[in-house]
Amino acid sequence: MKYHFNEIEAKWQKYWAENQTFKAENYSDKPKYYVLDMFPYPSGAGLHVGHPLGYIASDIYARYKRHKGFNVLHPQGYDSFGLPAEQYAIQTGQHPAITTAENIKTYRRQLDQIGFSFDWSREVRTSDPSYYKWTQWIFIQLFNSWYNNNSDKAENISELIKIFEAEGNTNVNAECDDDVEVFTADEWNNYSSEKQQEILLKYRLTYLAETEVNWCPALGTVLANDEIVNGVSERGGHPVIKKKMTQWSMRISAYAERLLQGLETIDWTDSLKESQRNWIGKSVGASVTFNVKDYDAKIDVFTTRPDTIFGVSFMTLAPEHELVSKITTPEQKAEVDAYIKATAKRSERDRMADVKTISGVFTGAYAEHPFTKEPIPIWIGDYVLAGYGTGAVMSVPCGDQRDYDFAKHFNIPIPNIFEGVDISEEAFADKDNTVITNSDFLNGLKYKKAVKTAIYELEKLGQGEGKTNYRLRDAVFSRQRYWGEPFPVYYVNGMPQMIDAKHLPIELPEVEKYLPTETGEPPLGNATVWAWCTETNSVVDNDKIDNITVFPLELNTMPGWAGSSQYFNRYMDPQNDEEIFSQEAINYWQQVDLYIGGSEHATGHLLYSRFWQKFMFDLGLVPYDEFAKKLINQGMILGTSAFVYRWSSNAFEEPIFLSKSVYDKVILEEKPLGHSDKFSNIFKSLTPKQTMEGGEAFFVEDSETTEKNFTPIHADVSFINASDELDVEAFKNWREEYKNAKFIYEDDSTFKVKRDVEKMSKSKYNVVNPDQICIDYGADSLRLYEMFLGPLEQYKPWNTAGITGVHSFLKKLWKLYNDDNGLKVTDAAPTKDNLKTLHKTIKKVEEDIENFSFNTSVSTFMIACNELTVQKCTSKQILEPLLVLISPYAPHIAEELWNQLGHNKSISTADFPKFDESHLVESTKNYPISFNGKMRFTMELSLDLNKEEIEAAVLANEKTKEQLQGREPKKVIVVPGKIVNIVG
RNA sequence: GCUGAAGUGGUGGAAUUGGUAGACACGUUGGACUUAAAAUCCAAUGGCCAUUAUGGCCGUGCGGGUUCAAGUCCCGCCUUCAGUACCA
């Protein structure tokens, strides 16, 4: 019987689906284990071989845990809202829901053919109203919450209102907007309803506010900070500008400290935690208030170096700082205005690009030093960022390089306040070796003490206090797009109102066009049925808007990360229509035990999800304030591109391609191509583009052999075989223009390509589709090979050629169980060698899986299979447990052979084999005998021997004497069971 | 610049606490089978030198160090990749 992998795989995939083999129950006597993949965006291009890498790893782990007696939750779903479907809709008019559904179908087919053990009964799609109902629900909860710094958690807004009614806001210690005014209980109670709502918005965890946003004109939407990479949009690379807009924001900054501290409690990769720490950007220092001279204004700054307060020689405001227009003197006004105009024009990217250029303008105004009362000139400069701290800095040129450069550039004095430090060349930023001088009461103090003293003195003056600052900004939550969750929000007199949760979901309305309206409103502005009737509690025709009972609905939609910030909990109880999940379900599954996904989500999805989880924890909805106990980043699989060299001569009609070593030679020897006798036949057969006398001379002249005369061109990797040879005919037929191309071959008449590793992408023609791999080699081969490529976390190139290794392993494995006459497994008792092979395999595979070292397991299987083949093992007692070991990796072949062995239940229900040390106990050891640390020969010795006996045996050996050549060994190191080293 | 990860044959990679470097594969070469090819099987395969077998020297990015013994530990560099970037 042969190994017909296509039949076997189809058979078992069908079996698993029909029998719901991997359906997880929300109760069990078994311990629970939750394995989750970051869920995919179903793109139109489908999967390439890089995508399933993490899914295969998590699937192996999930299957392994089932064998180990766990009740495993291993769900999958789709992050199905998103830009590409919308862009496609704009171009074609096709409703994004339709394209999305089609793409999901493709994804599902591709995932199914790889044989994953997902519990598909729990599938969720973020674009499904029954799912986004709960996304909207969480939004309402956030709206109805504020962050109490005293209890250090989110609380219901009604508690805050009670406080306002009883005592105003003077004693409220909340995370809120900076510009909240102070009011008494009486004042509060006399405020109009609008005024009260306005104030409450400044406290809510999701709030509507005029904020400076990252506007991307090309995409027609705002972007969150994590959606901008190097000053351009992550998707599409479009420029981004700053713009003031009224937008929903999430008060994630309230959770900055807890998000930071929480990192200590979770088993995530260090690099990922470090990214989050940087993103949160905690810095400890002080806020200092400077009075502006001759003007009733104050400038607040944040500094990490209050100890250097006497080194301040100027102040710098961001050009966008609100005080700039107020304090600028008439004489300086023209210059200041021009500067502000110039900086506003520059995109974020430009500003980042030239960090070197120093620019700034004096405002004409002066601040007053809090201690010396000396005047300090106030400048503006774009090296101060409006979005960080207060948008103003106290500039201490002697202690900060940027301030130093700025001062040098504009000839501002640089007072030195550091004892024994030369600052003539650069600023001195070293805290540890700081001793302060020229600083009044700070003289002679070291950094730590000076900081404390400075803060103490500032507090006494009422002009400062210790403060901790975070780089983490509140996250903008509105997008001017169609294909996202609608907000459950309508507007009364311009104030946002939440729709009662019992009327959710608010479904996306139909629109004619997916573009913004002519008046610049988001696409939902095109909807004609998009108003909220407070009497019928339903979405009604826009014509009915009377602002008495029928009101306009919010036109923005939620961002991509809304739907992905809680899905891991929803999987626990995905069909529940009454609650986001039942308490039974969440208390049973608790949190994700293992989360596998890409590191690109470090500061987006993975931070927002932690934020929402902490919020839900505050509400008492979830038992843990971290959603994923352990997280592993899988590396990326790269493509191995193939290049052919095209001679860029325009002398001939036909393109000319050079095989790799021909090219190498031509470049190395700099021999004109046309001159070579070897190729003269080829050149004679070419059609010259223009007839000219002495055509031969033409190409000789034209064929300089520098690299620039040859263009490397991507050839589709499907034309390349394992030996890097090009299928020339396939290549010729690939493109019309190559039909008559000429090829200069290797000496052995093959045509070889150059290979290079690049990111897998359509445009590089190095994308490998898993469908074809499954057809040619089977899903089990694909799964094994993806693991065999190398460590999970590493970036590694794909090369289809190597898959024959794992494929022939599976064939060998099959032959261990079957020959031409069918099953050959017997009840024969296992030999000692058989048992040894089995048990060392059990040990290694178990250790490997626990350490997520899946690549080494595959080698271990190969070794076991080779050994058992040599041993001619047919013993069921060996071959049966071996199948269970392999089944997480290659589940189809394992199921088939398991079935052949007479089992009628899925192998996934089998127990993992128990490792028995006794089979590995050896009586002898082949000792490596080293001389001065270099291994010279080996010696078989009994393990019963003690140190002295081993030494004696080794020294008595002929070869030892030969090595020593009469020298007396100075020292003999014997490590029993390991090694012998002779020094001498 | 800062932070993180990594550098081992022609290639992917292995080497669990310092203890036989290169497991397992791919590729290559040679051979068997075949009319031929594919498939399969066998052998060799880090480099250099020697060859009559036994061998010898070098070798884990570079330079030092610790140690009986270093891919592994320590110090100083170089390179690559990723993230981040005027964060006061």
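Being a predicted model, the structure only gives us computed values, none of them experimental. Numbers restart at 1 for each chain; the letters A, B, ... are given by sequence-line order, proteins then strands.
A donor atom on one side chain and an acceptor atom on the other are not found under 3.5 Å apart for A:S287 and A:D300. Side chain to side chain, A:N633 and A:T269 meet the donor-acceptor criterion of an N or O pair below 3.5 Å.
Across every strand in view, B:G76 sits in a pair with B:C62 that passes the Watson-Crick or G-U test at under 3.5 angstrom. Remark: B:G55 base-pairs with B:C49; criterion is Watson-Crick or G-U wobble with both hydrogen-bond distances under 3.5 Å. Nucleotide B:G83: paired with B:C2 (Watson-Crick or G-U wobble, both distances less than 3.5 Å).
For the pair A:F406 CZ and B:A88 C1', the interatomic distance rounds to 13 Å; values are reported in whole Å. One can place CG of A:N932 at 8 Å from C1' of B:C68, the figure rounded to the nearest angstrom. One atom, CG of A:L638, and another, C1' of B:U11, lie 14 Å apart when rounded to the nearest Å. Whole-Å rounding puts the A:K970 NZ to B:A69 C1' distance at 15 Å. With rounding to whole Å, A:I637 atom CD1 is found 14 Å from B:G12 atom P. Rounding to whole angstrom units, CD1 of residue A:I632 and C1' of B:A5 are separated by 16 Å. The separation between A:D819 atom CG and B:U40 atom P is 18 Å, rounded to whole Å. The separation between A:Q401 atom CD and B:C2 atom P is 13 Å, rounded to whole Å.
RNA chain B is contacted by A:S283 of residues 279-287 of chain A, taking any non-hydrogen atom closer than 4.0 Å.
Comparing B:C68, B:C87, B:G19 by their nearest atom to the side chain of A:K978 picks out B:G19. Checked against B:C87, B:C68, B:A39, the side chain of A:K971 finds its nearest nucleotide in B:C68.
On the P atoms, B:A69 is 48 Å away from B:C87, given to the nearest whole Å. With both ends at atom P, the span from B:G18 to B:A70 equals 13 Å, rounded to whole Å. Across B:G1 and B:U11, the matching P atoms stand 29 Å from one another, rounded to whole Å. Taking the C1' atoms as reference points, B:C24 lies 15 Å from B:U8, given to the whole Å. Nucleotides B:A82 and B:A15, compared at atom P, are 26 Å apart to the nearest Å. Taking atom P on both nucleotides, B:U17 is separated from B:C86 by 41 Å, rounded to a whole Å.
By the 6.0 Å contact criterion, CG on A:N926 is enclosed, its count of non-hydrogen atoms from other residues, nucleotides or ligands being greater than 12.
For A:K796, no side-chain nitrogen or oxygen approaches OP1 or OP2 of B:G12 to under 4.0 Å. For A:R936, no side-chain nitrogen or oxygen approaches OP1 or OP2 of B:G55 to under 4.0 Å. Not one side-chain nitrogen or oxygen of A:R473 sits closer than 4.0 Å to the OP1 or OP2 atom of B:C87. The phosphate of B:A88 (OP1 or OP2) has a side-chain N or O of A:Y388 nearer than 4.0 angstrom. The side chain of A:N855 contributes an N or O atom lying less than 4.0 Å from OP1 or OP2 of B:A14.
Summarising the geometry of A:H369 relative to A:I309, their closest heavy-atom pair is NE2-O, 2.8 Å, with the distance given to 0.1 Å. Nearest heavy-atom pair across A:L885 and A:F861 is O-CZ, 3.4 Å. The two residues A:V288 and A:P370 make their nearest non-hydrogen contact at CG1-CG, 4.3 Å. Across all their heavy atoms, A:V983 and A:N932 have their closest contact at CA-OD1, 3.5 Å.
Heavy-atom nearest nucleotides on RNA chain B were determined for A:Y470 and for A:I803, and the one closer to the 5' end corresponds to A:I803. RNA chain B is contacted by both A:K934 and A:T390; A:K934 maps to the nucleotide lying nearer its 5′ end (nearest heavy atom per residue).
When heavy atoms are screened at a 4.0 angstrom cut-off, A:N799 is found touching no nucleic acid atom at all. Contacts of A:N981 with the nucleic acid, taken as non-hydrogen atoms under 4.0 Å apart, include base atoms. Base engagement by A:S859 is indicated by at least one non-hydrogen atom pair under 4.0 Å involving a base atom. A:K812 comes within contact range of the sugar-phosphate backbone alone, with a heavy-atom separation under 4.0 Å but no base atom that close. When heavy atoms are screened at a 4.0 angstrom cut-off, A:F788 is found touching base atoms of the nucleic acid. When heavy atoms are screened at a 4.0 angstrom cut-off, A:T269 is found touching no nucleic acid atom at all.
Regarding the sugar-base torsion, B:G9 falls in the syn class, its angle being within 90° of 0.
For the side chain to side chain contact (heavy atoms under 4.5 Å, CB included) test, residues two or more places apart in sequence or in another chain that qualify with A:Q871 are A:D833, A:N834, A:T837, A:E867, A:L868.
Using a 4.5 Å cut-off on side-chain heavy atoms (C-beta onward), A:M939 and A:V954 make contact.
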> Do A:E274 and A:R277 pass the salt bridge (Lys or Arg N to Asp or Glu O under 4.0 Å) test, and can you show the C-alpha distance, the side-chain angles, and the key distance before you say yes or no?
Replying inline: CA-CA 5 Å; A:E274 196 58 29; A:R277 277 188 205 109; 3.1 Å; yes
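Contact of A:E847 with B:U16 (side chain to base): a donor-acceptor pair of N or O atoms is detected under 3.5 Å.
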